[in-house]
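Lettering of chains follows the sequences in order, A, B, ..., and the numbering in each one begins at 1. Keep in mind that what you see is a predicted model, and the values were worked out from it rather than measured.
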Amino acid sequence: MNKPILEIRNLEKSFGPHKLFDGVSLDVFAGEVVSIIGPSGSGKTTLLRCVNLLEGYEGGSIFLDGVEIGYSTVRGKRRSQSEADIASQRATTGMVFQSFNLFPHKTALHNVTLGLQKVQKLKIEEASEIGKKWLDRVGLSEKFDSFPAHLSGGQQQRVAIARAIAMGPKIMLFDEVTSALDPELVGEVLAVIKQLALEGATMILVTHEMRFANEVSDKVVFMENGSIEAVGTPHEIFGERKHPRLEGFLSNFVV
Amino acid sequence: MNVIESLINSRDDVFSGIVSTVSAGFGAIFIATIVGIVAGMVLTYGNALVAWPIRAYVDIVRGIPGLVVIFISYYLLGFALQSLGITLDAWAAGLIALSIVGIADVAEITRGAFQALPRGQTDAGKAAGMKFPTILSSVLLPQALVQMIPPWTNTATELIKGTTLLSLIGVTELLLTANQLIARGGNALYFFIAIGLMFFTINTLIQLAARAAERKFHYQIA
Amino acid sequence: MNYNFDFNVILRNIDGLLGGLGLALLLAVFSLSIGVIIGLFAAFAAISRKPQLRALMIAYTTVVRNTPLLILIYISYFGLPLIGITFDREVAFVITLSLCAGAYMLDVFRAGLQAIPPGLIEAGQALGLRRSQIRMTIQLPMMIRNVLPSVSNYLISLFKDTSLASAIAIPELTYQANKITTETFRVFEAWITVGLIYLGTCYLLAFVLRRIERKLAIAR
């Protein structure tokens, strides 16, 4: 087995007096699809946001492709890496948010090309080509020049996916990306994610869509109260449900 | 009509009155907008050392009536500059005073607009690997500027109206000109209504321009 | 810069200044009170079903919003006598400022009314309440809760506007400052003091109003 593309080692994080993570570790290998499930407040989203340092953490390390990101130990002291370094690390991960966070003042195409132009310094023509390709791949070739306000929730989220993946990230981070969608729009987004998974993308999915997680994941992680309680294949987690609290949690869902 | 006749007869005076009003008013609007937006951004994103003086400036200026700022500018600033050999003429003192007030207003409006932007916008920019200056210029500033247009229009209107206060330090803008013409034997009511209409026109033009700009750059929040 | 500060001048004129402050506050409070009453009626007129009434209210706010306050003051004090309407200077000022306040209140109250969930009004209608009853028992109380912060903050605005009363020789605070300056030539002392008085009073007002707001919020 080769080295994991993402290694989370003994993460520690507190919110004020409340300690959320007390030594959380997780490995993700290239091409793996990892789903993180668990009740709200379990820290799933926080863990995801620690990977691209939208949240800081007080202890532990995260390694992307073997290189430590976010923090470093200089002369025995732990400190944040420079803003420039963190920004370039973030450019190698892609995140899709629950509330889409599309730029409302830009067209779908420009939402996708903004990162390519400003971060990867591509010329507008090159960026547009890539942008159009990915918008096409998510099924929005008719909507290049549409503004987010004129797109449905499902369409907006697909633009958000295109925006993230067009940057060619090493790992994609999906943060409950269908939770804010009307039920009938969820399917189109899941279809896109499934397609990306089949094409070998490395991804972490924080999700409540159990059936989808079962279908698409290589590995499922169950979190509760800031700890990883169980890790296994979809069959182990959804089928066998060996871990005691899994049964209770999963009884809320139809898997 | 009496009023229109006298206005036409003294059209030179009226014209220079209008020029005085418009130059002071739009000059202040221009200065207040440029400096105010920068000050507002520093207020929002600057560290405590730079933001605090601006905060103090805004809080002090907003606690003093505009007329008093004008008097302070004319008397205190004028006096102080005199000892350095610079004579501050009333129009300049007025422009400075209006700008001071305008900058404070625009800074507050700017701060409000930036703070009202959804946090997810900054997150999305960060997630794509953008550095903060890029996020500010490509994502946040364009959105904040559009949101600022209605309150900015209010400030601009107030600055134009504020030029009338300059008549009280002897600037021959529109109101003082009208007073002078009335003193020469004009009907006070009609003259005031006449210049009232002129201000009405200027302000309406500003509002129409602002609304057009808003329509052009307006994007809907999805 | 050679200037000998002499703040004794201020102390000697302290009653004038305090009197001016008191007068300014009085003018502001009066204008706010009358403005609130005007604004209340105007707000309901602005959402009435009669288009002429709505148009009149639009004209009212547009004129007030776009015409300089000083010109309105001059019109009421110097202009109106020419058509037979004469006021004492304080009365003229308060009427003018009240009309301005009324226009502002119209917008504030109307927004406050529109912020009331329409479902509540429908509930009242479903119960069989008449329009006047709905207005008094549902809309008015809820609107007052919505607008209290804006109205109280506007008092501070009006307090600053009273400085314009000096233009028609009303002896409020700014007038007193000018008086001291012309009599003693002590520009720095006079204006710094008056500036600080305005600043201090505005912040005091804001502090007191916020306290009252909090007390009312708890009471609910």
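- Residues of residues 192-202 of chain B lying under 4.5 angstrom from chain A, judged on non-hydrogen atoms, do not exist here.
- The two residues Q121(B) and P104(A) have their closest heavy-atom pair at OE1-CD, 3.5 Å.
- Each of M95(A), H105(A), Q89(A) has some count of heavy-atom pairs under 4.5 Å with chain B, and the biggest count is that of H105(A).
- Every residue was checked against the side-chain hydrogen bond (donor to acceptor under 3.5 Å, both in side chains) condition with D89(B), not counting sequence neighbours, and none meets it.
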_Let's go through M130(B) and L114(A) carefully: what are the C-alpha distance in whole Å and the side-chain angles of both, what is the deciding distance for side chain to side chain contact (heavy atoms under 4.5 Å, CB included) to 0.1 Å, and is it a yes or a no?_
CA-CA 9 Å; M130(B) 291 184 216; L114(A) 186 63; 3.6 Å; yes

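- Minimum interatomic distance between V119(A) and A128(B) (heavy atoms only, all atoms of both residues): CG2-O, 3.6 Å.
- Of the atoms belonging to L102(A), it is backbone heavy atoms, and not side-chain ones, that fall under 4.5 Å from chain B.
- Counted within 6.0 Å of CZ on R11(B), heavy atoms from surrounding residues, nucleotides or ligands total 12 or fewer; the atom is thus considered open.
- Heavy atoms of A160(A) lying under 4.5 Å from chain B are absent altogether.
- Crowding of K132(A) atom NZ: a count of heavy atoms from other residues, nucleotides or ligands under 6.0 Å not exceeding 12.
- Residue E142(A) qualifies as open at atom CD: its count of foreign heavy atoms under 6.0 Å is 12 or below.
- Other residues, nucleotides and ligands place more than 12 heavy atoms under 6.0 Å from the CZ atom of F132(B).
- No more than 12 heavy atoms of other residues, nucleotides or ligands shown are found within 6.0 angstrom of CG on L49(B).
- Minimum interatomic distance between K131(B) and A87(A) (heavy atoms only, all atoms of both residues): CG-CB, 3.6 Å.
- Chain B forms more heavy-atom pairs under 4.5 Å with one residue of R163(A), Q120(A), E83(A), K118(A) than with any other, namely K118(A).
- Interface remark: S138(B) contributes backbone and side-chain atoms alike to the contact with chain A (heavy atom separation under 4.5 Å).
- Only the side chain of F97(A) comes within less than 4.5 Å of a heavy atom of chain B; its backbone N, CA, C and O stay farther away.
- Rounded to the nearest 0.5 Å, atoms CZ (R49(A)) and CG (D123(B)) are 4.5 Å apart.
- Around CZ of F15(A), the count of heavy atoms belonging to other residues, nucleotides or ligands within 6.0 Å exceeds 12.
- Q115(B) CD: more than 12 foreign heavy atoms inside a 6.0 Å radius.
- Separating the CG atom in L140(B) from the CZ atom in F103(A) is a distance of 9.0 Å, to the nearest 0.5 Å.
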